[in-house]
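Read the structure below first, then the notes.
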Amino acid sequence: MQFFRRPPPRVTVAQLMVWAQSQIALGVPRQAICRGWLDQDRSGLTPEEQAVYEQAERQLFGEMVARNLRGAELEKEGLVYEAIQEFEANLADKFLGEHPYKRLQAIYLARGDYNSALRVSRIHVEILARYRRPEPCWEDDSEKELAVAKSVLARLRLVDT
């Protein structure tokens with residue numbers, strides 16, 4: 001006797017985003033969710049299902065990039081406090097790009113807030129050390145970014161003491 005097997009339910013971008021928002025509400029950084037989706041084995045997925053995951057990744061990552069752009073615009077308009085909020089949100093999401101870290105360091109140093117600049121540098125070094133790609137690739141600058149972030153951290157420690 002052969003049993004009827006239901007095909008696995010198709011997942012939609014909306015469902016993935018709802019799940020991602022529930023994870024974010026639990027404190028999981030957006031970057032970790034994107035990384036999890038990127039690292040999962042997709043060999044058994046159809047091209048349509050793979051496209052759904054890729055679209056969800058772009059949408060979730062796009063939210064972080066949009067925050068960086070909003071922060072830059074707010075900073076240009078002189079709304080520094082609001083810009084800090086946008087950049088700090090990307091720190092909380094462990095954004096892998098260097099933009100929010102560099103902007104926050106510059107803002108905090110300009111204000112003379114060395115403790116905050118040091119905190120941002122420490123977070124940047126931690127994230128680069130933890131999440132850099134294990135295998136080098138032609139577009140991977142994480143080693144260089146890590147070295148630069150460590151040198152900034154060392155300089156800030158000298159100023160802080």
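- Looking at Asp93 and Arg67, their side chains come closer than 4.5 Å, going by heavy atoms from C-beta outward.
- The CD1 atom of Ile84 lies 11.0 Å from the CG atom of Leu79; values are rounded to the nearest 0.5 Å.
- The structure places CD of Gln59 at 10.5 Å from SG of Cys34, a figure rounded to the nearest 0.5 Å.
- Counting only heavy atoms from C-beta outward, the side chains of His124 and Leu104 never approach each other to under 4.5 Å.
- Glu54 has its side chain out of reach of Glu49: every pair of non-hydrogen atoms, C-beta onward, lies at least 4.5 Å apart.
- Clustering ILVMFWY residues whenever any of their side-chain heavy atoms sit less than 4.5 angstrom apart, transitively, puts Val65 in the very cluster that holds Leu96.
- The side-chain heavy atoms of Leu60 and Met17, taken from C-beta on, include a pair separated by under 4.5 Å.
- Clustering ILVMFWY residues whenever any of their side-chain heavy atoms sit less than 4.5 angstrom apart, transitively, puts Val28 in a cluster other than the one holding Val18.
- Criterion: ILVMFWY side-chain heavy atoms under 4.5 Å apart, direct or through other members. Under it, Met64 and Leu74 are not part of a common hydrophobic cluster.
- Looking at Glu73 and Arg70, their side chains never come closer than 4.5 Å, going by heavy atoms from C-beta outward.
- Atom-to-atom distance recorded for Gln55:CD and Thr12:OG1 is 9.5 Å, nearest 0.5 angstrom.
- To the nearest 0.5 Å, the span separating CD on Gln50 from CD on Glu48 amounts to 9.5 Å.
- The minimum heavy-atom distance between Glu75 and Ala83, with the atom names listed, is N-CB, 3.8 Å.
- Side-chain contact between Val80 and Arg111 is present, with heavy atoms from C-beta onward closer than 4.5 Å.
- From Ile107, atom CD1 reaches atom CZ of Phe87 across 5.5 Å, with rounding to the nearest 0.5 Å.
- By the 4.5 Å heavy-atom criterion applied to side chains, Arg103 and Asn90 are not counted as neighbours.
- Ring geometry for Phe95 against Phe61 counts as parallel: the plane angle stays under 30°, on a 0 to 90° scale with 60° as the upper cut.
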